[in-house]
Amino acid sequence: QVQLVESGGGLVQAGGSLRLSCTASGRTFSSFSTYTMGWSRQTPGKERELVAQISSGGGSTVYADSVKGRFTISRDNAKATVYLQMNSLNPEDTALYYCGAGNKWFYYDYWGQGTQVTVSS
């Protein structure tokens with residue numbers, strides 16, 4: 001069974017930073033290093049936005065224009081964990097953030113339950 005658990009969300013003032021973590025467990029743990037990993041976010045009434053992706057080995061990353069230059073995705077395959085460092089946050093970044101695992105860019109088979117990020121103005 002694939003399990004992804006996000007953590008690190010919370011309430012932060014505009015201009016602040018947060019680091020999200022997503023750890024794999026179960027069957028996902030041993031195969032974590034083979035997955036492309038991504039972070040997406042969703043707010044009520046809006047489509048889910050894929051904001052950051054990282055290749056299985058960590059050598060390639062892709063970002064949405066809305067977060068480029070402010071967010072950084074990284075991974076530690078030994079810990080089966082992917083991170084999202086978020087800087088210069090603004091209220092438009094308020095959303096439920098999910099991590100996902102997949103076998104190719106932009107297509108994800110597994111998602112976690114999400115962690116809430118709220119940015120106050």
Side-chain angles (χ1 to χ4, degrees):
Q1 186 174 357
V2 175
Q3 291 183 330
L4 299 170
V5 179
E6 302 95 337
S7 61
L11 175 64
V12 64
Q13 288 188 332
S17 299
L18 280 175
R19 189 176 83 152
L20 305 183
S21 300
C22 171
T23 300
S25 62
R27 189 178 73 186
T28 318
F29 186 90
S30 60
S31 59
F32 181 83
S33 62
T34 68
Y35 288 111
T36 298
M37 299 297 295
W39 286 94
S40 68
R41 65 186 182 185
Q42 189 160 25
T43 55
K46 292 186 178 181
E47 290 188 2
R48 184 178 287 198
E49 180 185 20
L50 187 59
V51 298
Q53 304 176 77
I54 188 166
S55 60
S56 57
S60 298
T61 56
V62 176
Y63 296 95
D65 288 343
S66 58
V67 305
K68 201 172 292 183
R70 300 187 299 121
F71 290 12
T72 302
I73 188 171
S74 61
R75 66 190 296 164
D76 184 337
N77 284 343
K79 295 181 179 179
T81 300
V82 62
Y83 305 97
L84 186 66
Q85 178 67 43
M86 305 185 295
N87 298 329
S88 301
L89 286 162
N90 58 64
E92 290 69 40
D93 295 316
T94 295
L96 190 59
Y97 283 73
Y98 300 89
C99 79
N103 292 304
K104 56 182 178 179
W105 299 105
F106 301 101
Y107 291 93
Y108 292 86
D109 301 301
Y110 311 108
W111 292 99
Q113 294 298 306
T115 185
Q116 178 68 39
V117 172
T118 302
V119 185
S120 64
S121 57

Visitor: Q42 and K46: which non-hydrogen atoms are nearest, and at how many Å?
Guide: NE2-O, 3.3 Å

Visitor: According to side-chain hydrogen bond (donor to acceptor under 3.5 Å, both in side chains), does anything in residues 12-23 pair up with another residue at least two apart or in another chain? List the pairs.
Guide: S17-N87, T23-T81

Visitor: Look at the side chain of R70 and the backbone N and O of Q85, then say whether any donor-acceptor pair between them is shorter than 3.5 Å.
Guide: no

Visitor: If you apply the rule side chain to side chain contact (heavy atoms under 4.5 Å, CB included), what do you find for W39 with I54, and how did you get there?
Guide: CA-CA 9 Å; W39 286 94; I54 188 166; over 6 Å; no

Visitor: Report the distance from atom CZ of R48 to atom OG1 of T43, rounding to the nearest 0.5 Å.
Guide: 11.5 Å

Visitor: May I ask you to list the residues sharing a hydrophobic cluster with V5, side-chain cutoff 4.5 Å, ordered by chain and number?
Guide: none

Visitor: Under the side chain to side chain contact (heavy atoms under 4.5 Å, CB included) rule, collect the residues that match up with D76, sequence neighbours excluded.
Guide: A78, K79, Y83

Visitor: Would you name the heavy atoms of L84 and Y97 that are closest together and state the gap between them?
Guide: CD2-CD2, 4.2 Å

Visitor: Ignoring hydrogens and angles, tell me if any N or O in the side chain of N77 forms a donor-acceptor pair with the backbone of S56 under 3.5 Å.
Guide: yes

Visitor: Is there a side-chain contact between L96 and T115 (heavy atoms, below 4.5 Å)?
Guide: no

Visitor: For the backbone of T118 and the side chain of T94, can you confirm whether one donor and one acceptor N or O come within less than 3.5 Å of each other?
Guide: no

Visitor: Rounded to the nearest 0.5 Å, what's the gap from OH on Y108 to OG on S40? Could you check?
Guide: 9.0 Å

Visitor: W105, W111: one ILVMFWY side-chain cluster at the under-4.5 Å cut-off?
Guide: yes

Visitor: Could you work out, with side chain to side chain contact (heavy atoms under 4.5 Å, CB included) as the rule, every residue matching F106, not counting sequence neighbours?
Guide: L50, Q53, V62

Visitor: Donor-acceptor pair, distance only, cut-off 3.5 Å: does the side chain of E6 make one with the backbone of C99?
Guide: yes

Visitor: Of all heavy-atom pairs between S121 and P91, which one has the smallest distance, and what is that distance?
Guide: CB-CG, 3.8 Å

Visitor: Can you list the residues that meet the side chain to side chain contact (heavy atoms under 4.5 Å, CB included) rule with L89, with sequence neighbours excluded?
Guide: V12, L18, F71, M86, D93, V119

Visitor: Which atom pair, heavy atoms only, marks the closest approach of L4 to C22?
Guide: CB-SG, 3.9 Å

Visitor: Can you check whether T36's main-chain N or O pairs, donor with acceptor, with R75's side chain at less than 3.5 Å?
Guide: no

Visitor: Test of understanding: with side chain to side chain contact (heavy atoms under 4.5 Å, CB included), list the residues that count as partners of E49, not counting sequence neighbours.
Guide: R41, V51, A64, S66

Visitor: Backbone N or O of I73 within a donor-acceptor pair of the Y63 side chain at under 3.5 Å?
Guide: yes

Visitor: State the OG-CE distance between S74 and M37, to the nearest 0.5 angstrom.
Guide: 11.5 Å

